[in-house]
Number of protein chains: 2
Amino acid sequence: MKLSEARQQFINSWGAFGTQWGINRTMAQIHALLLVSIDPITQDDIMEQLSISRGNVNMNIRDLIGWGLVERVILAGERKEYFTAEKDIWKVATQIIKERKKRELDPMIKLLSQLENIEDKKDKETKQFTEMIGSIKKMGTQADRVLDVMIKAEENWFTGSVLKMFK
Amino acid sequence: MKLSEARQQFINSWGAFGTQWGINRTMAQIHALLLVSIDPITQDDIMEQLSISRGNVNMNIRDLIGWGLVERVILAGERKEYFTAEKDIWKVATQIIKERKKRELDPMIKLLSQLENIEDKKDKETKQFTEMIGSIKKMGTQADRVLDVMIKAEENWFTGSVLKMFK
DNA sequence: TTAATCTTTCAATATATTTTGAAAGTTCAG
DNA sequence: CTGAACTTTCAAAATATATTGAAAGATTAA
């Protein structure tokens with residue numbers, strides 16, 4: 001396989017993979033392109049390489065910056081803005097976990113807490129409902145804690161010694 | 001808050017939550033409804049409670065069965081099929097992890113392995129590309145292993161003692 | 001075997017999401 | 001200032017995804 005071919009396949013597949021996880025295909029493709037671009041690139045580079053419009057690049061780049069995965073870079077003596085992605089894949093994963101936790105897990109736990117406050121707790125059906133909500137909430141808070149620790153542990157996450165502890 | 005209100009809010013929110021994770025809103029809602037329905041229910045019950053068509057219920061139920069989260073139940077002396085969801089939330093989580101791993105992580109690792117086979121490995125750009133692919137693949141395989149262990153460990157996943165080992 | 005009951009399928013339709021591109025906004029060199 | 005270079009916005013268009021419902025298929029009681 002040739003490099004150009006492999007690059008293209010990586011970008012396409014990363015996009016397809018992203019959609020399965022609720023991530024906009026183009027956003028994932030831009031991220032992939034930036035991951036395999038050693039030097040910073042411009043909006044025009046991205047437009048050209050992915051055959052997408054200026055507006056599309058602009059919006060998705062903004063989102064990626066919001067996710068903390070991409071940075072604006074100003075090159076001395078250049079008028080245009082350049083962009084570059086965090087290349088340390090462990091930091092990338094940590095950042096994604098951190099953001100999804102904040103945007104999705106935390107609000108879900110908050111909601112579940114509200115749903116536990118139901119009138120007439122002695123009622124059998126109410127009790128069963130509250131138990132289900134409680135167990136989902138417990139799972140959520142436990143996951144929340146584990147993820148917090150993972151975020152702090154950074155690159156040491158998945159090393160052998162940690163892995164053994166699960167067994 | 002009243003039980004009926006809380007139930008409805010749970011179902012709606014679970015649907016919204018699902019879409020963020022690449023899961024069809026209706027499928028997530030049906031799952032939520034089944035989670036809070038102690039006894040098995042029929043297609044007609046689901047149609048009525050969620051105000052959706054027969055075909056929609058049928059397809060999404062089939063998917064949920066494919067995910068191993070819902071089961072068909074035949075009640076003695078009844079013509080209709082009933083459905084029920086796994087209620088142990090830890091088993092639910094395990095099952096979802098298992099399926100997503102199989103459907104998404106495993107194929108991604110396979111793809112990355114293919115992308116590592118590039119001609120002219122001495123070329124500087126090729127080397128940088130291969131390094132990036134390699135590090136993503138490594139992250140994937142490590143995650144794969146951890147998830148395998150988690151799946152086996154079942155309910156003991158997140159207990160305090162395991163958590164400490166991360167620190 | 002029949003026909004009533006229940007389930008599945010899938011083309012058409014509806015809905016939701018993404019993308020475009022031109023206009024408006026911003027920045028800055030001269 | 002001015003206007004060229006660049007960035008951002010957002011309504012309209014395109015695309016992708018989900019839903020409907022009627023017809024076909026399957027099952028079973030009588």
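Side chains are part of it too, since the values below use all heavy atoms of this structure and drop only hydrogens, waters and symmetry mates. Each chain gets a letter, A, B and so on, in the order its sequence line appears, and its residues count up from 1.
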Practice task
Examine D/dT7: is either OP1 or OP2 under 4.0 Å from a nitrogen or oxygen in the side chain of A/N58? Give yes or no.
Solution key: no
Problem - Atom NZ of B/K87 with >12 non-hydrogen neighbours under 6.0 angstrom - result: yes
Handout entry: Main-chain N/O of B/G55 paired to B/N58 side chain as donor or acceptor, under 3.5 Å
Key = no
Fill in the blank from the handout: With B for base contact, S for sugar-phosphate-only contact and - for none (protein heavy atoms under 4.0 Å), nucleotides 20-29 of chain D reads BB-----BB-
Handout entry: No-hydrogen, no-angle side-chain donor-acceptor test under 3.5 Å, A/D45 and A/T42
Key = yes
Fill in the blank from the handout: A/I23 atom CD1 is separated from C/dT18 atom P, nearest whole Å, by 11 Å
Handout entry: Spacing of B/D63 atom CG relative to C/dT8 atom C1', expressed in whole Å
Key = 14 Å
Below 3.5 Å, can you tabulate the donor-acceptor pairs from side chains in residues 105-120 of chain A to any protein atom, sequence neighbours excluded?
unit_1: A/S113; atom_1: OG; unit_2: A/I109; atom_2: O; d: 3.0
unit_1: A/S113; atom_1: OG; unit_2: A/K137; atom_2: NZ; d: 3.3
unit_1: A/E116; atom_1: OE1; unit_2: A/K137; atom_2: NZ; d: 3.1

Problem - Sugar-phosphate only, base, or nothing, as touched by B/N24 at under 4.0 Å among non-hydrogen atoms - result: sugar-phosphate
Practice task
Check whether any side-chain N or O of B/S13 sits under 3.5 Å from a backbone N or O of B/F10 as a donor-acceptor pair, and report yes or no.
Solution key: no
Fill in the blank from the handout: Residue set satisfying salt bridge (charged side-chain N to carboxylate O under 4.0 Å, His left out) with B/R7, at least two apart, ordered chain then number -> none
Exercise for the section: In whole angstrom, give the distance that lies between atom CD of B/Q43 and atom P of C/dT5. Expected result: 17 Å
